[in-house]
Amino acid sequence: GGASSSIVPAQYLAGSAVRCSTPALSRFVPAAVVAEAGAAGLFVPVTVEVSVDGSLFTEQHMQFAYTADAVVSGVEPVSGSMAGGTRVVVTGSQFLLTDELACRFGAKGKAKAGAGGGKPTTVVPATYLSAGAIQCTVPASEATAAVQVEVTVNGQDFSTSNATRARFQYTHDVHVVDLAPASGKGTGGTAVNVTVSGIEGGLPPTGLLCRFGSAARSTFNGGVVVQG
């Protein structure tokens, strides 16, 4: 059989609060069960009880769920403005639909940009799409930098994928400064060279698009189309 539970030290905090660190699931659950659950991306529920005298334990049967480690394999798009606001889809495996689901931009423990040259670390809420994809909005950054993107399903334990493709590149704000030519035939097909500030020296942006016109209504004024 083997042990069906594992006892660990607890720390009294204040009031009615006690803290303890979870033992490895393999210490009290058969290895075959752990392996099967991990391969299937499932969680293993166990009860948590407390003893204040080192002998008798509570019997409230509160449940804690052991989950498979989330894995991040990619981010799309891979770059965006320092101002933040870019919506990215983070792909990987073993994501769970929880209230604490979140993305972390930047490596844990790094100082904020400008304080010793470290990179900022910010955690933002995520939207669950599937077990292999979530969506989150990129936070603002104080500097252009490539930061690691990791995921948590409980608000505390983050993935440690360190995948090269799981990085987001902050870039300068982008502005259109020139068009050549600035006119063309109404039937389309004119090749227009667009000069854009803010992408110099960076990686080719993903999702690169040009938009002609706007969602605003167009009206005629003396034979000239006015975007209003």
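- The environment of Asp178 atom CG is dense: over 12 non-hydrogen atoms of other residues, nucleotides or ligands sit within 6.0 angstrom.
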Check your understanding: Would Thr22 and Tyr66 count as a side-chain contact (heavy atoms from CB on, under 4.5 Å) if you check the C-alpha gap in whole Å, the side-chain angles of each, and the deciding distance to 0.1 Å?
Key -> CA-CA 9 Å; Thr22 57; Tyr66 278 90; 3.7 Å; yes
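- Closest of all the heavy-atom pairs between Tyr170 and Ser81 is CD2-O, 3.6 Å.
- The closest donor-acceptor contact from the side chain of Thr98 to the backbone of Val153 lies under 3.5 Å.
- A continuous path of hydrophobic side-chain contacts links Val138 to Leu101 [ILVMFWY only; heavy atoms under 4.5 Å].
- Across all their heavy atoms, Val192 and Pro181 have their closest contact at CG1-O, 3.6 Å.
- Grouping the Ile, Leu, Val, Met, Phe, Trp and Tyr side chains by contacts below 4.5 angstrom, directly or via other members, places Phe95 with Val88.
- Of the possible polar contacts, none joining the Ser79 side chain to the Gln169 backbone as a donor-acceptor pair under 3.5 Å is found.
- Follow the hydrophobic side-chain contacts under 4.5 Å out from Tyr128 and you reach Val149 in the same cluster.
- For the pair Gln63 and Pro45, the tightest heavy-atom approach, listed with the atom from each and the gap, is OE1-CB, 3.8 Å.
- Contact of the Val124 side chain with the Thr137 side chain is not registered, since no non-hydrogen atoms from C-beta on lie closer than 4.5 Å.
- Side chains of Val8 and Ser21 form no contact here, defined as non-hydrogen atoms less than 4.5 Å apart.
- Linking ILVMFWY side-chain heavy atoms closer than 4.5 Å, directly or via other members, places Leu97 and Val151 in a single hydrophobic cluster.
- Considering only heavy atoms from C-beta on, Ser141 stays 4.5 Å or farther from Phe105 through its side chain.
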Practice item. Apply side-chain contact (heavy atoms from CB on, under 4.5 Å) to Thr58 and Val52, showing your working. Key: CA-CA 9 Å; Thr58 57; Val52 296; over 6 Å; no
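- Taken from OG in Ser5 to CD1 in Ile7, the straight-line distance is 5.5 Å, to the nearest 0.5 Å.
- In the model, Asn154 has a side-chain atom that pairs as donor or acceptor with a side-chain atom of Thr152 under 3.5 Å.
- In terms of heavy atoms, Val194 sits closest to Cys210 at CG2-SG, 4.4 Å.
- Across all their heavy atoms, Ile134 and Ala126 have their closest contact at CD1-CB, 3.8 Å.
- Under the 4.5 Å side-chain criterion, counting only non-hydrogen atoms from C-beta, Asp69 is not in contact with Asp157.
- Residues Val48 and Val29 share a single hydrophobic cluster, defined by chaining ILVMFWY side chains whose heavy atoms lie under 4.5 Å apart.
- Each of Arg104, Gln148, Glu150 was checked for a side-chain contact (heavy atoms from CB on, under 4.5 Å) with Ser159, and the lone residue meeting it is Glu150.
- Looking at heavy atoms from C-beta onward, Val46 lies in side-chain contact with Phe28 at the 4.5 angstrom threshold.
- The shortest distance between side-chain heavy atoms of Glu49 and Met62 does not fall below 4.5 Å.
- Side-chain contact check for Val123 versus Cys103: every heavy-atom pair is 4.5 Å or farther apart.
- Annotation for Val72 and Val90: closest pair CG1-CG1, 3.7 Å, computed over non-hydrogen atoms.
- Neither side chain, Thr127 nor Gln135, offers a donor N or O lying under 3.5 Å from an acceptor on the other.
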